[in-house]
Structure formats: structure tokens, C-alpha cells
Amino acid sequence: MPDSIDSRRARIYSVVSLIPTGYVTTYGQVAVLAGIPGQARQVGYALAALSGDHDVPWHRVINAKGEISLRTHGDDGNRQHALLEEEGLRFDSNGRIALSRFGWRPENRA
DNA sequence: GATCTGACCACCG
DNA sequence: CCGGTGGCCAGAT
């Protein structure tokens with residue numbers, strides 16, 4: 001009995017949409033919260049498959065290194081960086097985000 | 001309808 | 001931190 005899921009993607013979108021402004025989370029974290037620990041890939045694919053119609057703050061999702069992933073460093077990558085800064089996030093010299101500082105934790109879950 | 005490709009992470013060393 | 005391996009799904013051609 002599948003929980004069923006409309007698909008793991010639906011869960012992922014839900015979790016991501018729960019991320020508070022000014023915070024970021026990693027794909028792995030989202031995967032866990034979505035109920036698919038270890039399958040961070042699915043998260044990446046899910047976000048990648050996002051279409052123009054979505055209310056999901058995908059820009060708040062970054063890789064475990066605290067850096068923006070996006071293989072295609074195009075508008076999306078640039079956009080994510082801008083959006084995060086706009087939300088008050090800070091990037092270090094390496095262009096990374098201090099997860100220890102802005103990393104969203106379920107305990108902090110507003 | 002099969003094949004290819006794509007925002008990753010955990011574990012091991 | 002880096003490198004290699006395994007695990008998973010959906011969309012596009």
C-alpha cells in the first residue's frame with residue numbers, strides 16, 4: 001500500500017515549500033523529510049523537472065557543500081544566488097553558504 | 001514504448 | 001576534502 005504517493009516528487013515539493021525564508025536546506029535533508037532518506041537524487045531530479053508552474057522555493061535547496069549545484073550555470077543558477085541574497089543569506093568567499101548558520105533544521109521549524 | 005539524461009548524497013578508503 | 005560506487009524517478013527524444 002503505497003502511501004502513495006502521488007509520486008515522491010509531490011512529497012519533495014511539499015517539503016521544499018515548507019522551508020522558511022532566509023534559510024536553506026540540502027537535497028539530502030529534503031529527501032529525509034520527504035520520506036526517502038538517501039535518495040537525494042530524486043530531490044534533484046524533482047526540482048530539475050519543475051515546470052514553470054510551481055510555488056516551490058527551489059532556490060532554498062542547495063547541495064551538501066552549501067553551494068549552488070545546478071550543472072547548467074545559466075539563468076537559474078544566477079537567479080538562485082540572487083534570490084538567496086535577497087532573502088538575507090550570505091555567501092562566503094568561496095560562494096558557499098554556511099549551513100551551520102543558515103541551514104534549516106526541523107527543530108527550527110517555525 | 002525503450003533509451004538517455006539529469007539540481008545528489010551516504011558510505012568506504 | 002576528494003574519488004569511486006550504489007540507489008532512485010520522471011521527462012524528453
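A:Leu18 and A:Val32 are assigned to two separate hydrophobic clusters, defined by single-linkage of ILVMFWY side chains at heavy-atom distances under 4.5 Å.
A:Gln80 contributes a side-chain N or O that, together with a main-chain N or O of A:Val61, makes up a donor-acceptor pair within less than 3.5 Å.
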Less than 3.5 Å apart, which donor and acceptor atoms pair up between the side chains of residues 33-46 of chain A and the rest of the protein, not counting sequence neighbours?
residue : atom : partner : partner atom : Å
A:Arg41 : NE   : A:Tyr45 : OH           : 3.0

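In this entry the distance linking CZ of A:Arg9 with C1' of B:dG6 reads 12 Å, nearest Å. At whole-Å resolution of the value, CD in A:Gln39 and P in B:dC8 are 14 Å apart. Computed from coordinates, the A:Ile12 CD1 to B:dC8 P distance equals 13 Å when rounded to whole Å. Computed from coordinates, the A:Asn63 CG to C:dC2 P distance equals 11 Å when rounded to whole Å. Put simply, CD on A:Gln80 is 13 Å from C1' on B:dC8, counting in whole angstrom units. Atom CH2 of A:Trp58 is separated from atom P of B:dG6 by 18 Å (rounded to the nearest Å). Nucleotide B:dT5 holds its P atom 13 Å from the CZ atom of A:Arg41, rounded to whole Å. Across the protein-nucleic acid pair, A:Glu67 atom CD and C:dC2 atom C1' stand 16 Å apart, rounded to whole Å.
Across all strands, A:Gly38 comes closer than 4.0 Å to base atoms (heavy-atom distances).
For the side chain to side chain donor-acceptor pair (under 3.5 Å) test with A:His59, the passing option among A:Glu87, A:Arg79, A:His81 is A:Glu87; the others fail.
Distances were taken from every side-chain heavy atom of A:Tyr27 (C-beta onward) to each of C:dA10, B:dC9, C:dC9; the shortest belongs to B:dC9. Listed nucleotides B:dC9, C:dG11, B:dG6 differ in distance to A:Thr26; the shortest reach to its side chain belongs to B:dC9.
A distance cut-off of 5.5 Å between ring centres, combined with a plane angle under 30°, leaves A:Tyr45 outside any stacking arrangement with the base of C:dA10.
Remark: the A:Gln42 side chain and the C:dC8 base include a donor-acceptor N/O pair separated by less than 3.5 Å.
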